[in-house]
Amino acid sequence: MTFKHNFKKVLSATAFAAALVVAPAANVSAATNDASSTQQSATATSQDQQASQDQAASQSSAANQSSSTSTSSATSTSTVKKTTKKAKKTTKKSKKKTSKKKAVKKVAKKTTKKKAAKKAKKTSKKSTKKTTKAATAAVTASAGQSQATDQQDDAAKKAAEAAAKKAAAKKKAAAKKKAAAKKKAAKKSAEKAAKYWIAMRESGGYYTARNGSCYGRYQLLISYLGGDLSKKNQERTADRYVYGRYGSWVNAKRFWLAHNWY
């Protein structure tokens with residue numbers, strides 16, 4: 001704007017100089033006045049232009065300031081927007097990261113829980129298996145003990161039965177033996193009594209009694225005694241004769257009772 005104003009001033013001066021050269025001398029004064037008037041007019045115009053320029057400059061400066069303020073405001077707004085956007089982006093990233101961490105944590109927790117449950121299940125299964133095994137072993141042991149006890153009971157029962165049988169057999173044998181002994185004793189007593197009865201009938205019990213060819217306590221033929229008239233030989237010879245002929249003194253007594261001799 002200043003350049004244009006100066007250019008106009010220079011142009012006016014040039015025009016004025018040309019008018020002085022070209023115009024007649026008579027008109028120099030008038031021309032001078034006109035030039036002065038023109039110069040004044042130009043000056044006024046220049047002043048108006050200067051004022052206008054100053055106003056324009058002021059307005060431009062104001063516009064520039066306004067533009068600068070607007071630009072600054074726009075820049076500030078843009079910066080705020082950018083900062084907000086960045087903050088939002090950061091927040092979003094942070095949220096995403098937090099969400100990811102939470103998801104990882106959740107998965108880790110779930111995995112840990114799953115592992116713990118699996119471990120607990122495995123432990124429970126192992127414990128159940130162990131308990132079942134122990135119970136089976138206990139049942140088997142109990143069955144074995146029961147079987148052993150049954151076998152022991154059977155063995156004890158059999159032993160008791162065998163002992164009872166043995167005792168019964170022994171008792172029976174003892175009774176039989178006793179009965180036999182008793183019978184033998186009774187027989188012996190009967191034999192003794194029968195022998196005594198015959199001796200008393202034959203000789204009155206004397207070992208020296210003699211009746212013809214018969215001699216001694218049992219009145220045996222002297223030839224039976226073989227020349228030995230002793231008591232011992234008479235007893236032995238009499239037993240040999242009776243057992244050989246009758247089988248017993250009791251039978252000999254019976255014969256004697258039937259025939260009055262033996």
Sequence neighbours excluded and cut-off under 3.5 Å, please list the side-chain donor-acceptor pairs for residues 209-223, or say none.
{"residue": "R217", "atom": "NH1", "partner": "G205", "partner atom": "O", "Å": "2.7"}
{"residue": "Y218", "atom": "OH", "partner": "E235", "partner atom": "OE1", "Å": "3.0"}
{"residue": "Y218", "atom": "OH", "partner": "E235", "partner atom": "OE2", "Å": "3.0"}
{"residue": "Q219", "atom": "NE2", "partner": "A209", "partner atom": "O", "Å": "3.2"}
{"residue": "Q219", "atom": "NE2", "partner": "G216", "partner atom": "O", "Å": "2.8"}

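- Residues meeting the side chain to side chain donor-acceptor pair (under 3.5 Å) test with R245, sequence neighbours left out: none.
- Of all the heavy atoms in V242 and S248, the pair that sits closest is CG1-O, 3.3 Å.
- Atom CD of residue Q234 and atom CG of residue L225 lie 6.0 Å apart, to the nearest 0.5 angstrom.
- The aromatic rings of F255 and Y246 are tilted relative to each other, their planes meeting at an angle between 30° and 60°.
- Shown here are the ring pair (Phe, Tyr, Trp, His ring centres under 6.0 Å) partners of Y207, two or more places apart in sequence or in another chain: there are none.
- Judged by distance alone, with hydrogens and angles left aside, the side-chain atoms of N233 form a donor-acceptor pair with the main-chain N or O of D228 at under 3.5 Å.
- Y206 pairs by the ring pair (Phe, Tyr, Trp, His ring centres under 6.0 Å) definition with nothing, not counting sequence neighbours.
- Applying the side-chain contact (heavy atoms from CB on, under 4.5 Å) rule to D239 yields the partners K195, Y243, W249; only residues at least two apart in sequence or on another chain are considered.
- Under a hydrophobic-cluster definition in which Ile, Leu, Val, Met, Phe, Trp and Tyr are linked whenever side-chain heavy atoms come within less than 4.5 Å, directly or via other members, Y262 and L257 are assigned to the same cluster.
- For residues 156-170, no residue pair satisfies the salt bridge (charged side-chain N to carboxylate O under 4.0 Å, His left out) rule, not counting sequence neighbours.
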